[in-house]
Q: 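Below is the structure I would like to discuss, written out as structure tokens.
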Number of protein chains: 2
Amino acid sequence: MGRWRPDARERLQQAAFELFAEQGFAATTVPEITTRAGLTTRTFFRHFADKREVFFADEVEMPKVVATLMAEAPASATPMALILEGMRPLVETRFEGRKEVLRQRRELLRSDDGLRERDLRKRAAMADAIREGLLARGLDRTRAALIAETGVTLVYVAIAEWLDTDDDRRLDDIIREAFETLRSELGAS
Amino acid sequence: MGRWRPDARERLQQAAFELFAEQGFAATTVPEITTRAGLTTRTFFRHFADKREVFFADEVEMPKVVATLMAEAPASATPMALILEGMRPLVETRFEGRKEVLRQRRELLRSDDGLRERDLRKRAAMADAIREGLLARGLDRTRAALIAETGVTLVYVAIAEWLDTDDDRRLDDIIREAFETLRSELGAS
DNA sequence: CTAGGTGATGACACGACATGTCATCGCGTT
DNA sequence: AACGCGATGACATGTCGTGTCATCACCTAG
């Protein structure tokens, strides 16, 4: 058994998700994960800051991706349009067509307070990345924060709606519907 | 030394904040807190679910307060107005005039990832309470979620702005300014 | 071809967090 | 005075997360 088998991180992630699915997040211990992956506990914590992080391993680069897309995008009509445009590729590649997988993921998320909490942090990280992007475009602090948070809210609320319903509306359309709903609700003039 | 001295929870909270101020959140252990309060470690966890919770002990009932205020309020012009109206007493009693204390609190919050994460959960709990209130008023799921989240965002962004600046604008006014900013920002499309 | 150098992993120890369980005590009720 | 209830103490335990040093594979220089 070769020490040094490659892809330690991926093996850990794989083993973790198998165990989470089999017995839940809380009931799965880190030693269980590392045993299945053929590694040691210490190595797990070299690849993931804590047990929760492995759950979000696939999504770590999402904030950077959005930030890059926003930075490269041409000047949009409005900051909010810029955000929604920057989100579109992510929505397309990571959400659309994966509804069932994402529903399973949400079930796991709902089963554990710690995971829910970490999910909020990931959401905040996304908002931060967007806020930085808006600051770089010259928006003032408060405006940038406001729009970034609102943009992320739109996407998350839309995702919830999308996962809750069984029709085949596209997530992208639901996001835009949410935008229109909020607009009219605020009485934007 | 009487077992049974009253106010165990308050003593724990007091001791905890003293120690957090003296040596930071992470460097403070639960046994340290309980020793100073004249109690045992086990008792700490009977009063607070975990070490982070004691930090937010003063704010646990805030979501319920807002929910009650919203439930008792007469029908407002708009749901968002209802939220901001429901927030006003809280803003008045827990924020206005306490800027320095709240700045200190924010410093502690910034010093620890775990605390920041828990703060996000408290924020989410507030949004949930508001969302329930809106649902009870007959709004549909998505609309209620959208407006509740946006309302909480307005308040939090405004608080940040308020704490960042040294002028003597009232927080309530900053919240309304933020509302107008968002309104115009979404409307301009 | 061999001697380092580098980087990832193993092995071990350890402190803190969090929880289960049962005993103990203060206090009010009857 | 006996009893019950609720809060606390005392003890044990499991998991998490980190510090530290040794070990091994691979690469590169000479």
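These numbers were taken from a predicted model, which means no experiment stands behind them. Throughout, a chain's letter reflects where its sequence line sits, starting with A, and its residues are numbered from 1.
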Q: State whether A/Tyr156 and A/Arg123 meet the cation-pi test: NZ (Lys) or CZ (Arg) under 6.0 Å from the six-membered ring centroid, and within 45° of the perpendicular axis.
A: yes
Q: Roughly, in whole Å, what's the span from CG in B/Leu39 to C1' in C/dG26?
A: 15 Å
Q: Whole angstroms only, please: what is the CG-P distance between B/Leu12 and C/dC17?
A: 14 Å
Q: Does the Lys NZ or Arg CZ of A/Lys122 fall within the cation-pi geometry relative to A/Phe55 - under 6.0 Å from the ring centre and within 45° of the axis?
A: no
Q: Between atom CG in A/Asp113 and atom P in D/dC16, what is the gap in whole Å?
A: 16 Å
Q: Between B/Arg170 and B/Glu92, is there a side-chain N and carboxylate O pair less than 4.0 Å apart?
A: yes
Q: To the nearest Å, how far apart are B/Phe44 CZ and C/dT19 P?
A: 11 Å
Q: Where along residues 23-36 of chain B does a heavy atom fall under 4.0 Å from DNA chain D?
A: none
Q: B/Thr43 side chain N/O closer than 4.0 Å to the phosphate oxygens (OP1, OP2) of D/dA7?
A: no
Q: Output yes when a side-chain donor or acceptor of B/Arg52 lies under 3.5 Å from a complementary backbone atom of B/Leu115, and no otherwise.
A: no
Q: Establish whether A/Val65 and A/Leu154 are linked, either directly or via other cluster members, by ILVMFWY side-chain heavy-atom contacts under 4.5 Å.
A: yes
Q: Between P on D/dG17 and CZ on A/Arg42, what's the gap in Å once rounded to a whole number?
A: 12 Å
Q: Over how many whole Å does the gap from A/Arg11 atom CZ to C/dA8 atom P extend?
A: 14 Å
Q: Are there over 12 heavy-atom neighbours, none belonging to A/Asp167, within less than 6.0 Å of that residue's CG?
A: yes
Q: Quick check against the 3.5 Å criterion: does B/Lys99 have a side-chain atom that pairs as donor or acceptor with the backbone of B/Asp166?
A: no
Q: Using a heavy-atom distance cut-off of less than 4.0 Å, which residues of residues 45-61 of chain A contact DNA chain C?
A: A/Arg46, A/His47
Q: Below 3.5 Å, can you tabulate the donor-acceptor pairs from side chains in residues 39-46 of chain A to any protein atom, sequence neighbours excluded?
A:
from    : atom 1 : to      : atom 2 : distance (Å)
A/Thr40 : OG1    : A/Thr43 : OG1    : 3.2

Q: Closer than 4.0 angstrom, basic N to acidic O: yes or no for B/Asp119 and B/Arg105?
A: yes
Q: Once you round it to whole Å, what is the distance between C1' of D/dC16 and CG of A/Leu115?
A: 15 Å
